[in-house]
**Student:** 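Pasting in a structure now, in structure tokens, and then I'll have a few things to ask.
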Amino acid sequence: MDSLKPIIESLLFASDTPLTVDNIRAVLETGDRRSIRAALESLARDYDTQKRGFFLSEVAGGYQLRTRPEYRQWARRLKKTKPARLSRAAMETLAIVAYKQPVLRSDIEHLRGVDCGGTLRTLLERGVVRVLGRKDLPGRPLVYGTSKRFLEMFDLKDLNNLPTLKDLQEIGEAWPNDST
Amino acid sequence: MDSLKPIIESLLFASDTPLTVDNIRAVLETGDRRSIRAALESLARDYDTQKRGFFLSEVAGGYQLRTRPEYRQWARRLKKTKPARLSRAAMETLAIVAYKQPVLRSDIEHLRGVDCGGTLRTLLERGVVRVLGRKDLPGRPLVYGTSKRFLEMFDLKDLNNLPTLKDLQEIGEAWPNDST
Amino acid sequence: MEQEAQGHAGYRVHVEEVFEGPMDLLVHLVKKNEVDLYDIPIAVIASQYMDYLKMMKGLNIDVAGDFLVLAATLAHIKSRMLLPCCEEDQDEEDPRMEIVRPLEEYLRLKYAAEDLSLRNQLDWDVFARGAPEIAELSEEPSEDLVQVSLFELIDAFKRIVRRVSAEEFFHITVDTISVKSRIGEIVDFLEGRDSVTFEALFEGQVTKGQIIVTFLAILEMAKSQVIRIMQHRASGVIRVFYG
């Protein structure tokens, strides 16, 4: 296990996508799931207690090293990231796709009360939404769902990890921000 | 300096290229050269004494995190087990086969305007394209189509689920010289 | 925004910048009036909604048809509320439910969208490693796995369409793709057999559409000489030969 840790760390470090326990097992050939998991947990603890610049994120069914959110301003400056965040309209459309998938464009538009062609296209281009197939209805409309990229982008372990939709009575007075 | 270390580590982690002390200074805006250098030295020591999977390498006048040479073999194997990506040329050829099948190599080359022998061979080897038969033309040219593997790759139930130009138009894609 | 619009004659604002849509405006009104979502004073809200529409028109904001549809719905609910028909022991539900239910659903998803945007977003709040030392590490990529998204495929296709005239593509419709799909299935069926009877290709094809598609697929395959169709002189059996 002592030798496993740096090896697994080097794999996480070298990978540009999240690694599953099975990915790691395939590379190591030996190594049971349990000790891989233990090594991962131990690494995650190290990063936290030693206050490293990155942490181990459990995302999209796997594990990935990511810079700590508290250093976002520095990392952003380094990467010269433009605020390519999704617009509020795109976020709403994405939330509907995430929670209601498999979903038709017409369902989304019915819910939002506005045309969603533009925002859907943006989401498809960004790779967070994908075409799942077609529905057996007149016109054979496309059915949409979220992609793995969606999980990666929003730091979600899997779709079950989406917070449950809130009960409005519980929220009471707290209104979501509107555009005014 | 204590807070400088993780910040600099996060920058080194997020950067694709070696960072010079001046690069780091530019991002941090404050921070004198000496304390940046001290933090870098301290990080380098940490990686060595804690036997991390990576180390701080001084390259091309800058600093870069790299996989430790003794673990490179694992990282290399990881790359091998990872799915390869299709080149742009291969994607275009595949798109033509998908949408125009059954199709001849000469048709594909007519559309792409370049020789497609190489990309077609790659696609055949990867099993996403297959030979459907031969056409009774001089030279009995091969007729190509997509395979089951193609459907699996794109998570499609069947070819009917492949989005058409019309679908894309509906979500607001601007098509040049549209006639569909 | 009001002063701005008045300051510039002919200044046009898209309504999206003000309210994303009619539901957004409705949420804003319910919130502004601090009323209970389940007991909306429909007359007040409807009249304020109309005031907003008027104001937006006055400011030269393009008011989309969606806004007018909701205005009509509100007016309709208002009129139904005025009818004295449904007093006590009503079997009929509160007419306001027509608007409350979608509003509720919309709000729940709005909250969800907010929650999502508060998460640590990749390439904004957190950053992963790119493909480090790639030249050094990638010797030969794995042969059997390929990872691409459907959208990348479509993008590739789009690039070609941009270069080539559209006439080349006009026949790509759902129908022809069904035929293509069926061709693939027929090839699957024919693989490993020299020939099958014509009828065998229609087995399991029950609907009229399926039969037509199968027939078109056979014609297309014969045309491109993937198959040959022969009839036995004596028995009259039609056989399809592969390759």
Side-chain angles (χ1 to χ4, degrees), chain A residues 2-3 5-17 19 23-24 26-29 43 46-47 50-55 65-68 70-79 105 115-125 130-134 139-145 147, chain B residues 2-17 19 23-24 26-29 43 46-47 50-55 65-83 154-158 160-164 166-174:
Chain A
D2 265 358
S3 66
K5 255 176 75 175
I7 294 176
I8 293 179
E9 187 178 49
S10 73
L11 293 179
L12 290 166
F13 179 81
S15 174
D16 51 353
T17 52
L19 294 180
N23 288 150
I24 297 171
V27 172
L28 301 182
E29 276 173 3
L43 283 169
D46 287 356
Y47 302 145
Q50 297 172 3
K51 289 196 186 143
R52 307 242 62 117
F54 48 83
F55 71 108
L65 294 178
R66 293 182 165 193
T67 56
R68 253 178 221 290
E70 49 266 51
Y71 304 132
R72 55 167 78 81
Q73 49 163 329
W74 314 110
R76 256 179 229 168
R77 211 181 280 166
L78 174 81
K79 298 292 245 184
R105 177 179 164 188
D115 180 276
C116 296
T119 52
L120 254 180
R121 192 184 63 220
T122 309
L123 296 170
L124 282 163
E125 275 167 5
R130 63 189 179 131
V131 174
L132 296 179
R134 281 178 195 283
R140 313 234 323 116
L142 294 174
V143 179
Y144 299 95
S147 64
Chain B
D2 265 359
S3 66
L4 211 55
K5 252 175 76 176
I7 295 175
I8 292 178
E9 188 179 47
S10 73
L11 295 180
L12 290 165
F13 178 86
S15 177
D16 304 325
T17 51
L19 294 179
N23 290 150
I24 297 171
V27 171
L28 301 183
E29 278 175 356
L43 283 170
D46 287 354
Y47 301 147
Q50 298 171 0
K51 290 197 184 139
R52 309 242 62 119
F54 48 85
F55 73 108
L65 294 180
R66 294 186 153 208
T67 316
R68 230 173 244 292
E70 52 266 49
Y71 302 131
R72 289 243 172 96
Q73 49 156 329
W74 306 107
R76 240 176 246 138
R77 275 169 66 174
L78 176 72
K79 295 275 169 196
K80 267 193 212 170
T81 61
K82 281 278 198 63
F154 291 99
D155 216 0
L156 290 166
K157 218 169 76 198
D158 52 45
N160 296 327
N161 284 323
L162 197 63
T164 61
K166 203 164 137 268
D167 294 319
L168 294 171
Q169 228 174 12
E170 277 165 10
I171 59 165
E173 281 287 350

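In what follows, every chain begins at residue 1, and chains take the letters A, B, ... in the order their sequences are listed.
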**Student:** If you take all heavy atoms of L162(B) and R134(A), which pair is closest and at what distance?
**Tutor:** O-NH2, 3.0 Å
**Student:** With rounding to the nearest 0.5 angstrom, report the CG to CD1 distance, L78(A) to I8(B).
**Tutor:** 12.0 Å
**Student:** Which bit of R130(A) comes within less than 4.5 Å of chain B, counting heavy atoms only: side chain, backbone, both or neither?
**Tutor:** side chain
**Student:** Quick test of your reading of the model: are K79(A) and D16(B) salt-bridged, counting only N-O distances below 4.0 Å?
**Tutor:** yes
**Student:** Please classify the contact of D46(A) with chain B as side chain, backbone, both or neither, using a heavy-atom distance under 4.5 Å.
**Tutor:** side chain
**Student:** Whether the side chain of R68(B) engages the backbone of I7(A) through a donor-acceptor N/O pair (distance < 3.5 Å, no angle test) should be reported.
**Tutor:** no
**Student:** What's the separation between atom CH2 in W74(A) and atom CG in L4(B), rounded to the nearest 0.5 Å?
**Tutor:** 9.0 Å
**Student:** Counting only non-hydrogen atoms closer than 4.5 Å, does L43(A) touch chain B with its backbone (N, CA, C, O), its side chain (CB onward), both, or neither?
**Tutor:** side chain
**Student:** Which of parallel (below 30°), tilted (30 to 60°) and perpendicular (above 60°) describes F54(A) and F54(B)?
**Tutor:** perpendicular
**Student:** Do any N or O atoms from the side chain of R52(B) and from the backbone of E9(A) form a donor-acceptor pair under 3.5 angstrom?
**Tutor:** no
**Student:** Would you mind checking which part of Q73(A) comes under 4.5 Å of any heavy atom in chain B, side chain (CB onward), backbone (N, CA, C, O), both or neither?
**Tutor:** neither
**Student:** Checking L28(A) against chain B: side chain, backbone, both or neither under 4.5 Å from a heavy atom?
**Tutor:** both
**Student:** If you take all heavy atoms of A14(A) and T67(B), which pair is closest and at what distance?
**Tutor:** CB-OG1, 4.1 Å
**Student:** Using heavy-atom distances under 4.5 Å, tell me whether F55(A) contacts chain B through its side chain, its backbone, both, or neither.
**Tutor:** neither
**Student:** Can you tell me which portion of L19(B) sits under 4.5 Å from chain A's heavy atoms? Options are side chain, backbone, both or neither.
**Tutor:** side chain
**Student:** Heavy-atom cut-off 4.5 Å, strictly under: side chain, backbone, both or neither for E70(B) against chain A?
**Tutor:** neither
